[in-house]
Participant: 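So that we are looking at the same thing, I have put the structure below in structure tokens.
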Amino acid sequence: MADDVLRLAGIRKSYGVGKPTETEILHGIDLVLEKGEFAALIGPSGSGKSTLLNLIGLLDRPTSGTLTINGTDTTALDDAQLTRLRGHSIGFVFQSHYLISAFTALENVMMPMLLERGRPDAAMREVARGLLDRVGLAKWRDHLASDMSGGQQQRVAIARSLAMSPPLILADEPTGNLDTKSADSVFALMREVSASSGTTFLLVTHNLALAHQCDRIIELVDGQVVAMAGG
């Protein structure tokens with residue numbers, strides 16, 4: 001329990017609750033991810049992956065069940081508390097990098113810290129520089145995001161996701177827009193980050209070759225976990 005970064009118990013999610021059109025999307029999900037684990041979430045379209053990821057990312061609330069992030073039960077938290085917990089405990093990497101094209105790589109990585117503290121300072125810049133060094137972009141710190149390749153932009157997105165040192169990273173199809181070489185490089189970087197810092201990753205992917213390189217594969221079908229196995 002002490003090493004649990006994520007714990008879901010009996011998570012259900014319905015839409016249109018109390019209406020004739022009420023539909024349950026997730027049907028009692030139980031899931032635990034431990035510190036440093038690198039897991040893949042797979043499943044066909046319509047299986048509930050996006051709904052589950054939104055709940056884990058504290059972007060939506062479950063209809064019932066308990067969701068615990070890094071030891072904090074989120075059930076009774078208000079919106080402000082959820083926002084604070086999300087900002088400190090969860091990093092996001094998406095298929096589209098969502099960088100600000102008119103900002104430099106350094107400025108993009110600083111954004112989560114800037115949202116937290118209100119104004120840039122030397123400490124933020126130092127953290128951002130260190131993260132860009134870590135993802136192999138030391139020479140690209142002052143380049144605009146729009147001037148970088150897709151693989152480089154995704155590396156910036158990974159650095160940005162680490163800005164607040166979150167224990168959990170949610171990566172939603174992070175290699176989906178990349179060519180094979182860039183995808184392999186980005187995946188290897190995420191694995192290295194997980195191994196070296198103990199950061200837990202949940203990787204949503206349709207790429208079974210990548211999924212089988214993860215520590216564990218979690219398969220979701222029709223709103224239920226049907227299989228969990230080593231990669």
Participant: Any idea which heavy atoms bring Ser14 and Thr63 closest together, and the distance?
Facilitator: N-OG1, 2.7 Å

Participant: Report yes or no: do Thr205 and Asn207 form a side-chain donor-acceptor pair below 3.5 Å?
Facilitator: no

Participant: Answer yes or no: are there more than 12 heavy-atom neighbours, outside Asp147 itself, under 6.0 Å from its atom CG?
Facilitator: yes

Participant: Under the salt bridge (charged side-chain N to carboxylate O under 4.0 Å, His left out) rule, what do Asp133 and Arg141 come out as? Steps first, then yes or no, please.
Facilitator: CA-CA 9 Å; Asp133 290 352; Arg141 293 174 190 161; 2.6 Å; yes

Participant: Evaluate the side-chain proximity of Ile100 to Glu107: yes if any heavy-atom separation is below 4.5 Å, no if none is.
Facilitator: no

Participant: Before accepting this row, confirm whether a basic side-chain N of the pair Asp184/Lys181 lies closer than 4.0 Å to the acidic partner's carboxylate O.
Facilitator: no

Participant: Are any of the side-chain nitrogens in Glu24 or Lys13 under 4.0 Å away from the carboxylate oxygens of its partner?
Facilitator: no

Participant: Can you label the angle between the Trp140 ring and the His143 ring as parallel, tilted or perpendicular, going by 30° and 60°?
Facilitator: tilted

Participant: Test the Arg191-Phe38 pair against the cation-pi criterion, namely NZ or CZ under 6.0 angstrom from the six-membered ring centroid and within 45° of the ring axis.
Facilitator: yes

Participant: May I ask you to say whether Glu22 pairs ionically with Lys19, meaning some side-chain N is under 4.0 Å from a carboxylate O?
Facilitator: no

Participant: Could you tell me which non-hydrogen atom of Ala128 sits nearest to which non-hydrogen atom of Leu106, and how far apart they are?
Facilitator: CB-CD1, 3.5 Å

Participant: Between Arg7 and Asp30, does any NZ, NE, NH1 or NH2 come within less than 4.0 Å of an OD or OE carboxylate oxygen?
Facilitator: no

Participant: Hydrogens and angles aside, do Ser182 and Asp179 bring a side-chain donor and acceptor to less than 3.5 Å of each other?
Facilitator: yes

Participant: Taking atom types as modelled and ignoring hydrogens, do the side chains of Gln153 and His97 form a donor-acceptor contact shorter than 3.5 angstrom?
Facilitator: yes

Participant: Looking at Asp79 and Arg61, is there a salt bridge between them, counting it only when a charged N and a carboxylate O are closer than 4.0 Å?
Facilitator: yes

Participant: With a 4.5 Å limit on heavy-atom distance, are the side chains of Leu162 and Ile169 in contact?
Facilitator: yes

